[in-house]
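What follows is a short report on a single structure.
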Amino acid sequence: MRTLLLSLFIMTASLFASAEDGHQLWLRFQPVNQAKVNTTLKSPTIDIIRHELETYYPGSEVTLTIDAGLINGDEGYVIDHHDGRATISARSESGLLYGCYDLLMRCARGYSTGFRINTAPDFQLRLLNHWDNLDGSIERGYAGNSIFWNRPLDVQLIKDYARANASIGINGSVLNNVNASPQMLTAPYLKQVKAIADILRPYHIRVYLSINFATPMALKATKTADPLDKSVARWWQRKAKEIYKLIPDFGGFLVKANSEGQPGPGDFGRSHADGANMLADALKPFGGIVMWRCFVYGANHKGEDRVKQAVSEFKPLDGKFRDNVILQTKNGPLDFQPREPYSPVFDQIKLTPNMAELQITQEYLGQSRHLVFLAPMWREFLDDVNPQQLRGIAGVANIGLDRNWCGHHFSQANWYAFGRMAWDTNYRLTPQLIAEAWLELTFGRDPQFVNTMSQLMVESHEACVNYMMPLGLHHIFKFDHHYGPEPDGFIARYPLEWCPVYYHKATRDSIGFDRSSTGTNATGQYRPDVARRYDDIKTCPENLLLWFHRVPWTYRMKDGSTLWESLQYHYNEGVLWTEHAHNLWHTKMRHYVDEQRWREVDERLEHQAANAREWRDVCLQYFGRYANQP
């Protein structure tokens, strides 16, 4: 009996030891411990590169070379790989670091023959924005608590985080929520920031902080937060000096001001430029930047269409910002909906540097309970704007203390895809190719598995749009938590622009928000060719039809169906896709994937199908009352 129990214990321990929890992400290199690294360079970064290559490179030797003559920028690199030997050349250690991980990931994907890679990032700033609170909670976080603000600091976890980011070229992290606490800039928390910065530094990741604009007043250091008050400006200058003494390579501040109740310069009769410039002047001597968010709406624009308010607010200020201020704008003009047109801020702001803000965490896209691959959505956005006009790109992170980092194993793909697309916006790097690479690195290289699941991933975003907000419907999510449908949502004490009924405006004869030239004229904020296309109901893309136009239920779509018939079709198509995805994973994918990850993904896909049916049933029942149709 004792022998049997011992055997069972050993078997159980073995199962737990080999359980696959997803923590390794896409970095599942197997140790071979055979490569020699040739270099005379010495630094903490070089130590990391040497360790990675000596442990995981399956060839015989790698030579690291700093070449000041390369013309692909400070972070670019060149890899020459042939017959088990590789040379990585770059102008800086950061380029060597990125090249190291590129080489290892290509080898892990089976690139055994010779190849040459010459690449450089398209964006100077490639940042994760963590909406982490100082109590450890995360706003719009769906994978557990913060990896930064839980005591004590887990040094190995932060190293793992840094390694993952460096492997995909991310070079900055904003460590706290844009709805920032004034306590963020007090000594105990800055000490924690320094500790984090010291861990990230060898991986060439700079830290940034979100700040509360009224911090000096909230901390009772000044009587006001007026940016033109000299005592306020001096406080920020002293604070910048304090921060840079602790963290010499500190990146700068991210600011959400005068939006959704956050304080800002408007509280004192000043402009966004006044506020941003005061902070920029404090950071300028140290090389820091201010990323000032354009996500503003509210009291100053009473009665104005919410999607127009950012342009109304910032266009008059274009060219009035310091040269170390960057305007950070969400990809769409509303709020990270499953599909939006691009924000017209990118058309209207021409004299001030811009950067785009994307959502990696899935606030309105199933909150890590749904498999939704976001690269196709980001590709749409990058196709509509000129990436060359952007100074940088930021992604609201989906990372938490869950062992698999992101809640859903497939949500890891969005972190990976963001890094890949932030580095290279080239059209040849398609969502399909990104999905294939991630699958090979994360689950394995079986062609049947990779081909099937990459196709499913690429289809997933359109499927999500179909069962949540087809044909340009938007903001019909449940109040507060934004999970599930609530098209009848209206609470009198809430601002009307928070209520779903404000956006679909369904009546017995029609549905949709008229933003054409005969309505709010939001179309007029776009560049002329786009404005004309959106303004005409006949040329407006049907996937944005109800975003820009008020449309009769009997309106004939391009395929001959009525609007009501088309809505039904799209809702049902979304549901059918989720049921197909779950069935495919449940019946066909089990032998490709370890038991733990297979089971956890299977449970999420089953839940996704149920939630998609809820979306379809609730929305069609509600809108059917207005359409007077079954």
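When reading the values below, keep in mind they use all heavy atoms of this one structure, side chains included, and skip hydrogens, waters and symmetry mates.
- The pair E614-K478 meets the salt-bridge criterion, since a charged nitrogen lies less than 4.0 angstrom from a carboxylate oxygen.
- A salt bridge links E363 with R140: the closest approach of a Lys/Arg side-chain nitrogen to an acidic carboxylate oxygen falls below 4.0 angstrom.
- The residues R613 and E579 are annotated as salt-bridged, a charged nitrogen and a carboxylate oxygen being separated by less than 4.0 angstrom.
- Figure legend: R515 and Y534 shown without cation-pi pairing, the cationic atom not lying both under 6.0 angstrom from the six-membered ring centre and within 45 degrees of its axis.
- With ring centers used as reference points, Y297 lies under 6.0 Å from F295.
- Not less than 6.0 angstrom separates the ring centroid of W438 from the ring centroid of W26.
- The ring of F410 has its center no closer than 6.0 angstrom to the ring center of H370.
- The aromatic ring centres of F477 and Y364 sit less than 6.0 Å apart.
- Contact annotation: the side chain of H570 approaches that of S566 to within less than 4.5 Å [non-hydrogen atoms, C-beta and beyond].
- At a threshold of 4.0 Å, the pair R533-D535 does not count as salt-bridged, since none of the basic side-chain nitrogens sits closer than that to a carboxylate oxygen.
- Residues L563 and L546 form a side-chain contact, since some pair of their non-hydrogen atoms from C-beta on lies under 4.5 Å apart.
- For the ring pair (Phe, Tyr, Trp, His ring centres under 6.0 Å) test, no residue two or more places apart in sequence or in another chain qualifies with W131.
- The six-membered or imidazole ring of Y571 lies away from that of F623, with a centre-to-centre distance of 6.0 Å or more.
- For CZ of F268, the number of neighbouring non-hydrogen atoms (other residues, nucleotides, ligands) closer than 6.0 Å is greater than 12.
- If you look at H272 and F314, their ring centroids are closer than 6.0 Å.
- Centroid-to-centroid, the aromatic rings of Y502 and F490 stay 6.0 Å apart or farther.
- By the neighbour-count criterion of 12 heavy atoms within 6.0 Å, atom NZ of K558 is densely surrounded, having more than that number from other residues, nucleotides or ligands.
- Ring geometry for H475 against H482 counts as perpendicular: the plane angle is over 60°, on a 0 to 90° scale with 30° as the lower cut.
- Remark: aromatic rings of Y503 and W498 are distant, center separation not under 6.0 Å.
- Between L456 and W577 there is a side-chain heavy-atom pair separated by less than 4.5 Å.
- At a threshold of 4.0 Å, the pair D383-R379 counts as salt-bridged, since one of the basic side-chain nitrogens sits closer than that to a carboxylate oxygen.
- Side-chain contact between W615 and T578 is absent, with no heavy-atom pair separated by less than 4.5 Å.
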